[in-house]
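One structure is given here, and the rest of the page talks about it.
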Amino acid sequence: MRRSAIEYVEAQHLRKDVTQFRTGDSVRVHWKVKEGEKERVQAFEGIVIRKKKGNNRSTFTVRKVSFGVGVERVFPLHSPRYEKIEVLSRGNVNRNRLFYLRALKGKASRVETQEDAEMRRATAAGHGKTARPSA
């Protein structure tokens, strides 16, 4: 009885316009910031290193490097505080959590995009067919 009442209240606060993205994607989150009486929109751009599931408690963590310092920020997925989430590029990763990116620097910390992975597979397949001698 009690559980269904909690689920009912939580269901009322779910966002309907949630953008579909995965771990490894580069995103830009437009977050509403209140400064005194005014409210403005501030963009936070980085790579999604974690998505935590749960109805209205679901969150995602975005990591970026700003002036040589790694910055991570956790955003609630169903919060009314963000205006929109833009997916800039799709990442090609095989993990759900990319915490290993914290230890990497420079070019090593880049995540391969899906377009790059498809190009690499296409060129590898093309080289494999032409490099084989016919018998």
Side-chain angles (χ1 to χ4, degrees):
M1 177 77 177
R2 181 171 177 238
R3 187 163 182 85
S4 63
I6 293 172
E7 289 174 358
Y8 173 75
V9 172
E10 288 178 349
Q12 292 177 339
H13 296 287
L14 294 177
R15 281 183 74 130
K16 306 291 187 250
D17 61 341
V18 176
T19 306
Q20 296 297 318
F21 59 93
R22 295 179 39 190
T23 303
D25 293 352
S26 293
V27 295
R28 183 180 297 137
V29 182
H30 296 270
W31 192 257
K32 294 177 187 173
V33 178
K34 191 171 184 179
E35 296 174 338
E37 297 294 320
K38 295 182 180 179
E39 189 171 280
R40 66 181 178 87
V41 177
Q42 183 177 13
F44 190 88
E45 184 177 330
I47 297 175
V48 178
I49 63 169
R50 177 185 190 182
K51 275 187 81 171
K52 186 176 176 187
K53 296 182 181 177
N55 286 336
N56 69 334
R57 293 179 291 265
S58 60
T59 62
F60 62 100
T61 304
V62 181
R63 178 179 175 79
K64 73 174 181 177
V65 178
S66 178
F67 298 101
V69 178
V71 180
E72 292 183 8
R73 188 155 179 202
V74 180
F75 294 100
L77 188 61
H78 294 284
S79 173
R81 296 296 301 166
Y82 72 83
E83 198 170 88
K84 64 181 176 178
I85 299 174
E86 291 180 61
V87 178
L88 304 175
S89 65
R90 300 277 180 188
N92 186 33
V93 294
N94 294 326
R95 294 178 181 223
N96 191 25
R97 297 180 180 175
L98 305 179
F99 295 149
Y100 66 91
L101 291 177
R102 293 173 177 165
L104 301 178
K105 292 184 179 183
K107 288 186 179 181
S109 65
R110 290 185 300 183
V111 173
E112 185 180 33
T113 63
Q114 286 183 352
E115 294 83 21
D116 293 342
E118 290 172 5
M119 289 289 283
R120 186 175 43 83
R121 278 189 230 115
T123 56
H127 289 301
K129 291 178 183 175
T130 56
R132 229 178 241 173
S134 59

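Computed over heavy atoms, backbone and side chain alike; hydrogens, waters and symmetry mates excluded.
Proximity of a side-chain donor or acceptor of Ser66 to a complementary backbone N or O of Val69 within less than 3.5 Å is not detected. In terms of modelled atom types and a separation under 3.5 Å, the side chain of Thr123 and the main chain of Met119 share a donor-acceptor contact. The backbone N or O of Thr61 lies less than 3.5 Å from no partner atom in the side chain of Lys52, so there is not a single donor-acceptor pair. When atom types are taken as modelled, the side chain of Thr23 and the backbone of Asn96 share a donor-acceptor pair closer than 3.5 angstrom.
The heavy-atom pair separating Glu35 from Arg40 by the smallest distance is OE2-NH2, 3.0 Å. Residues Val74 and Pro76 share a closest heavy-atom pair of O-CD, 4.1 Å. Residues Arg63 and Gly70 approach most closely at NH2-CA, 3.9 Å, considering heavy atoms. The minimum heavy-atom distance between His78 and Asn55, with the atom names listed, is CD2-O, 3.0 Å.
Proximity of Val48 to Arg22: side-chain heavy atoms (C-beta onward) are nowhere separated by under 4.5 Å. Side-chain contact between His30 and Glu45 is absent, with no heavy-atom pair separated by less than 4.5 Å. Between Val27 and Val62, the closest side-chain pair of non-hydrogen atoms falls below 4.5 Å. Residues Tyr82 and Phe75 form no side-chain contact, since every pair of their non-hydrogen atoms from C-beta on lies 4.5 Å or further apart.
Salt-bridge annotation for Arg90 and Glu115: absent, with no side-chain N of the basic residue lying under 4.0 Å from a carboxylate O of the acidic one.
Rounding to the nearest 0.5 Å places OG1 of Thr19 at 9.0 Å from CD of Glu86.
With Glu112 as the fixed residue, the salt bridge (charged side-chain N to carboxylate O under 4.0 Å, His left out) test singles out one of Arg120, Arg121, Lys107: Arg120. Screening Arg102, Arg50, Lys64 for a salt bridge (charged side-chain N to carboxylate O under 4.0 Å, His left out) with Glu72, the sole residue that qualifies is Arg102.
For Gln42, the side chain to side chain donor-acceptor pair (under 3.5 Å) criterion is met by no residue, not counting sequence neighbours.
Enclosure of atom CG in Asn94 is not indicated, since only 12 or fewer non-hydrogen atoms of other residues, nucleotides or ligands lie within 6.0 angstrom. Atom CZ of Arg95 has 12 or fewer neighbouring heavy atoms from other residues, nucleotides or ligands inside a 6.0 Å radius.
Lys53 forms no cation-pi arrangement with Phe60, by the criterion of a distance under 6.0 Å to the ring centre and an angle within 45° of the ring axis.
Using a 4.5 Å cut-off between side-chain heavy atoms of Ile, Leu, Val, Met, Phe, Trp and Tyr, Ile47 falls into a hydrophobic cluster with Ile49, Val93, Leu98, Phe99, Tyr100, Leu101, Leu104, Val111.
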